[in-house]
Amino acid sequence: MIKIDLHMHSSWSDGEQTIPEMLNAAEVCGLEQVAITDHFRKNTKFKISDYRKAIDKLREVYPFEILIGVELEWNIDEKVDYLSSNDRSLLDLCLCELMGDLVFRPEVARYEQERQEKTKFLATVFDTYCKIAQHPHVDIIAHPFNFGRMELDFDFDLNCLSRERLYELAELMRQNDVAYELQSQFYYWYPKMRVPELLAQQIAVAKIFKDAGVRFSVGSDAHNLGTVGNHCWSESVLAGLGNNVEIIKRGVLSCA
Ligand SMILES: [Zn+2]
């Protein structure tokens, strides 16, 4: 059983519960290491120093390791530089998700082309993930390829991803020590797919990253108590990759 959860949200961003409530849930689940990773986006109002202080106080209270993290959102024009290097130094880890005004917001001019042209969409996705993998802020790519809920004019699933570009991305992630997140509620992003098919596709993709020597991280992306520590999906992916123990250990990021 996986005893870590490196992706959890609280009421500091869009989570339903406070940080102590989320930590209580982690304690009930018998977790040994967790990361609070609230969204930190361009318009986020809270100060990283206040966030750190709030979590630091709780570190003495709970019997497991608590990492202080955020989940950044990559903006195609501004990257993630809205988080200063000084604030970055106050954090143990940074997740980065590919959402926002790359292809996901209709008000952005480039959206229509991405939405209509599969080749353009896939090229943009890979080009952007390659940039994320090389950004010094980033430790973990959150739920990679979580695009099954987008309103695209073409069919998309993980089989559409070019093996060649997956190898390229995996190599960049290995070189920069950026982990691939096995998000435990990844199936949320593909509501139209049956579980066995999506699982087989994710195992095939994850195998490329494993073979390239990329580390895996496991997180629930919990936005409420109910999903903390529920790693059934990630455990199935790791079982599909074989050699569970080694990969789980390597997924535990040490607190710098
Ligand atoms: Zn998240």
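Both ligands and their constituent atoms are indexed starting at 1 by order of listing. Position 1 is the first residue of the sequence; numbering continues from there.
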What atom name does the N, O or S atom of E71 nearest to the Zn ion (ligand 1) carry?
-> OE1
Are any side-chain N or O atoms of N146 and backbone N or O atoms of W189, one a donor and one an acceptor, separated by less than 3.5 Å?
-> no
Is the Zn ion (ligand 1) under 2.8 Å from any N, O or S atom of D221?
-> yes
To the nearest 10 degrees, how large is the angle at the Zn ion (ligand 1) between H7 NE2 and H9 NE2?
-> 100°
Taking atom types as modelled and ignoring hydrogens, do the side chains of H7 and E71 form a donor-acceptor contact shorter than 3.5 angstrom?
-> yes
Got a salt bridge between K120 and E112, using NZ or NE/NH1/NH2 to carboxylate O under 4.0 Å?
-> no
Do S184 and N230 have side-chain atoms, one donor and one acceptor, less than 3.5 Å apart?
-> no
